[in-house]
> 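Attaching a single structure in structure tokens format; questions to follow.
In what follows, chains carry the letters A, B, and so on, assigned in the order in which the sequence lines appear, proteins first and then strands, with residues in each chain numbered from 1.
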Amino acid sequence: MPGRAARGPKRKDDARRAIHGSLLSQASRFCRALAAGNDAALARPTFAAAADARPVARARRASEPLETRTRYRAAISLHFGHERCPRRTRGAPMTATPERFSCGALRADAIGRTAELFGWINRRRDHGGLIFIDLRDREGVTQIVFNPEHPSFPMAEKLRSEDVVRVVGAVRARPEGTENAKLATGAVEVGIEQLEVLNRSEVPPFQVNAEDDVDESLRLEYRYLDLRRPRMQRNIRLRHRIVKAFRDYFDERDFVEIETPMFIKSTPEGARDYLVPSRMNPGTFYALPQSPQLLKQICMISGFGRYMQIARCMRDEDLRADRQPEFTQLDVELSFVTQEEVMQMMEGAVAHAWRNVLGIDLSAFPRLTHAEALRRFGSDKPDMRFGLELVDASARFVTSEFVVFRGALDAGGAVLALRYPGGASLSRRDFDALTESAKLFGAKGMVWIALGADGVKSSAQRFLDDATVEALRADTGAERGDAVLLFADARESVSSIAGKMRLEIGERCGLRDPAKFSFCWVTEFPYLEMDEESGKPVPAHHPFSAPMPGQWDLIDSDPLAMRAQHYDMVLNGFELGSGSIRIHDVELQKRIFTMLGMSEEEIEDRFGFFVRALRYGAPPHGGMALGIDRIVMLACGEENLRQVIAFPKNQVGRDVMMDAPSPVPERLLRDLYLRSVAPSAESAR
RNA sequence: GGCGCUGUAGCUCAGUUGGUUAGAGCGCCGCCCUGUCACGGCGGAGGUCGUGGGUUCGAGCCCCAUCAGCGUCGCCA
């Protein structure tokens, strides 16, 4: 017995190492190809062939600024997707013969064996006297051949796309010259022996076997068909492996995954809550968690020391491409840690996932302070994939006669300059359009300077002397053929405008490469910010973060100058998540609440349970939460979260497959002591 | 709540200055085809041009309103 116990784990370790090793070698091949820009190795051959046959589709794709995104997706598909050689062949043989195979598993070495395959009809090629079927399952596609002499031939003539069948047949080499190099299983085919139709499919509303873009609400309505397609199979599987990598990483470091409740107390701060009425407690409501923030802090007070959870969170706010009403966080909290230790731990987790899932070794994340991020990039979530940093050109215009700039400067504002590589080739009309997009970001205007080969042109020519132009050129690092854009306004708004224009320029210049991953940390966030509505200071994030050491004294003298022990992880211009060292001192916590304008009673009512917990030996602690959906979205090269969530909501929070939310019978409302006052379908009629 | 884009066949899309019977590719249906693999060939069915109103001799096209989808600003401690 002791012997067996000792052998078990060891075997498991060996297996893990073996899998690990094979992944790493796959991954490094992938990375080498990416780095070498080896399109031949990266592009899906079927995709390339499709593009040739469809000039219209090809032209549309070529006109996309992010054509590289498609290339990247195709590349990861090769390694994680539908046509990948299966990592594990599931399902050992049920009997001696036939052996069960997945549709992506058959290779030359299976020739001569009898295979049993289950799958969907991907495509039927009927030659009258000979029928080929591409049978598809989650692993790939295998060609089945029906000869007219075989009794199943008439059945094969009736097979249609998405019918579900069981097939038994002999694995054999394809006749010489008919091998298909585009297919992993292209060397072999299965000669039919038995065909069993397990289920029929109606004609699907869109083609499951094509990579075409289909209207997204139709995809959502028939999500099960959409999920059958290689792209979504790949995304959801990649998601699983990233989540598993996180769980493994934290498990190896003695973290405990603790499930926190979905029905909790509404703490009316921050986002709008989703509410759940309580039948057993008339007139009262649970809230669904916006995050397990207080619960994970209480886990620290409970002495768990190292907590993690793949946590579902819900926020009832308007949606965006990168915001769903329910989403998933990698939630982490540790006791007795410094900010530095939390950051190292989280950076390690992400590096672990990238190495093990994507096969990419990340170097240490650069760090910048909040102030620095705003100054250099005009954003607290800078896209560090490219330079084109903002340049403060205020000093160049202090004596300028240009009223617009002088006005902004005299009012304490700033003039910011931005290099536009290759921008000199733009026409006046192009610059006008660019100015319009700047105005959409809130700019009052934009001055452009084109450093063309035939001289300098500008929208503010007569206010710019040669020395100023030369100075701006030197400041921004612009070269002949580039343009320099100038914006002037109050410091905060001009920074944000120029920051958004920087992204626009980066996009136009193809610098936002989805295959490039530029992580960074942003630190030293302001503790408080001025709420424009109320004119009162409010926490820039949440009221449980601790200020930077030694800054408590500022709370009375200069509260807005306080910095928090708060840090954000940023990837390619997306905020992946934030964390902080928390307040563990009950008096300090109450002082924050009080400063936010809460009375003693309100504190007790909303946070009494938490304040009480802090009194009983709460350890110093801190942590972080990362948005899994966004991480997976970027890892998949996708542009919106719906592509990495199996069953997402649309922009108004509807599940169009289930048709939720929906009205409920009056009786259910009565049980909950509820009455709807919404303008109902009835009253509308 | 504001702004922008989109809405034409089952799907993806064209549709000229407002002018006869609204087109293409894919899919679907039928027939033919023994080495295809986005098979091929021939034939066919399929349309409330999102909806309502207006202008006009005449509207897919112009105007107004409205609905839906997406994007975005506000919002998201």
> Any strand is fair game: report the nucleotide pairing with G58(B) by Watson-Crick or G-U wobble, both distances under 3.5 Å, or none.
none
> Base, sugar-phosphate, or nothing: which does Glu202(A) touch, judged by heavy atoms less than 4.0 Å apart?
nothing
> Can you tell me whether the side chain of Arg654(A) and the base of G69(B) have a donor-acceptor pair closer than 3.5 Å?
no
> Please determine whether any donor N or O and acceptor N or O are separated by less than 3.5 Å between the side chain of Arg315(A) and the base of C76(B).
no
> Heavy atoms under 4.0 Å, any strand shown: does Asn209(A) hit a base, just sugar-phosphate, or nothing?
nothing
> Determine whether the aromatic ring centres of Phe544(A) and Phe607(A) lie less than 6.0 Å apart.
yes
> Looking at every strand, decide which applies to Asn650(A) at a 4.0 Å heavy-atom threshold: base, sugar-phosphate, or nothing.
sugar-phosphate
> Between G27(B), A38(B), G30(B), which one does the side chain of Gln207(A) approach most closely?
G27(B)
> Any residue in residues 436-443 of chain A with a heavy atom nearer than 4.0 angstrom to RNA chain B? Just list them by number, or reply none.
none
> Look at all strands and tell whether Leu319(A) reaches a base, only sugar-phosphate, or nothing, counting heavy atoms closer than 4.0 Å.
nothing
> With a 3.5 Å distance limit and no angle check, can you tell me whether Arg502(A) reaches the backbone of Gly378(A) through a side-chain donor-acceptor pair?
no
> For Arg123(A), report the nucleic acid contact type (base, sugar-phosphate, nothing); a contact means any heavy atom under 4.0 Å.
sugar-phosphate
> Could you tell me the Watson-Crick or G-U partner of G35(B), where both distances fall under 3.5 Å? Say none if there is no partner.
none
> Does Arg160(A) make a side-chain N or O approach to OP1 or OP2 of C29(B) shorter than 4.0 Å?
yes
> Using the C1' atom as the point on both nucleotides, what is the distance between U17(B) and U56(B), in whole Å?
15 Å
> Would you confirm whether Arg124(A), through its side chain, and Glu157(A), through its main-chain N or O, come within 3.5 Å as a donor-acceptor pair?
yes
> Measuring only the P atom in each nucleotide, how far is G71(B) from C61(B)? A whole number of Å is fine.
28 Å
> Under the 3.5 Å rule, do the base of G71(B) and the side chain of Asn640(A) count as making a donor-acceptor pair?
no
> Please report the shortest heavy-atom distance between Asp137(A) and Gly104(A), naming the atom on each side.
OD1-N, 4.1 Å
> Describe the nucleic acid contact of Pro204(A) in one word from base, sugar-phosphate, nothing, applying a heavy-atom distance below 4.0 Å.
nothing
> Which nucleotide, C76(B), G71(B), G35(B), lies nearest any side-chain atom of Glu317(A)?
C76(B)
> Using the P atom in both, what is the distance from G7(B) to G54(B), to the nearest Å?
24 Å
> Are the ring of His127(A) and the six-membered base ring of C39(B) within the stacking cut-offs of under 5.5 Å and under 30°?
yes
> If you take atom types as modelled and just measure distance, does the side chain of Arg174(A) reach the base of C37(B) with a donor-acceptor pair under 3.5 Å?
yes
> Looking at Lys381(A) and Asp568(A), is any side-chain nitrogen of the basic one under 4.0 Å from a carboxylate oxygen of the acidic one?
no
> Does Arg642(A) or Gln293(A) map to a spot on RNA chain B nearer the 5' end, using the closest nucleotide for each?
Arg642(A)
> Heavy atoms only, 4.0 Å cut-off, all strands: where does Glu179(A) land among base, sugar-phosphate and nothing?
base
> Which of these nucleotides, G35(B), A38(B), U72(B), is closest to any side-chain atom of Glu189(A)?
G35(B)
> Mind checking whether His127(A) and Phe132(A) have parallel, tilted or perpendicular rings, split at 30° and 60°?
perpendicular
> Under 4.0 Å between any heavy atoms, over every strand shown, what does Pro175(A) touch: base, sugar-phosphate, or nothing? Just pick one.
base
> So, is Gln290(A) near the phosphate of C76(B), with a side-chain N or O under 4.0 Å from OP1 or OP2?
no
> So that I know where these two stand, are His566(A) and Tyr527(A) an aromatic pair - ring centroids less than 6.0 Å apart?
no
> Check every strand shown and say whether Glu149(A) touches a base, only sugar-phosphate, or nothing at a heavy-atom separation below 4.0 Å.
base
> Tell me whether Asp163(A) contacts the main-chain N or O of Ser201(A) through its side chain, where contact means a donor paired with an acceptor under 3.5 Å.
yes
> Quick check on G40(B): is either OP1 or OP2 less than 4.0 Å from any side-chain nitrogen or oxygen of Arg124(A)?
no
> Just how far is it from atom CG of Leu135(A) to atom CD of Gln143(A), taken to the nearest 0.5 Å?
11.0 Å
> Val652(A) near the nucleic acid: base, sugar-phosphate alone, or nothing, with a heavy-atom cut-off under 4.0 Å?
sugar-phosphate
> Given the C1' atoms of C29(B) and C67(B), what is the spacing between them in whole Å?
34 Å
> Using OP1 and OP2 only, check whether a side-chain N or O of Lys182(A) sits under 4.0 Å from A38(B).
yes
> Just the rounded figure in Å: distance from P of G74(B) to CG of Asp318(A).
12 Å
> Using a strict 4.0 Å threshold on nitrogen-to-oxygen distance, state whether Glu504(A) and Lys500(A) make a salt bridge.
no
> Just wondering, do Phe132(A) and U36(B) stack (centres under 5.5 Å, planes under 30°)?
yes
> Who is the Watson-Crick or G-U wobble partner of A68(B), with both distances under 3.5 Å?
U6(B)
> Would you please confirm or rule out a distance under 4.0 Å between OP1 or OP2 of C39(B) and any side-chain N or O of Arg125(A)?
yes
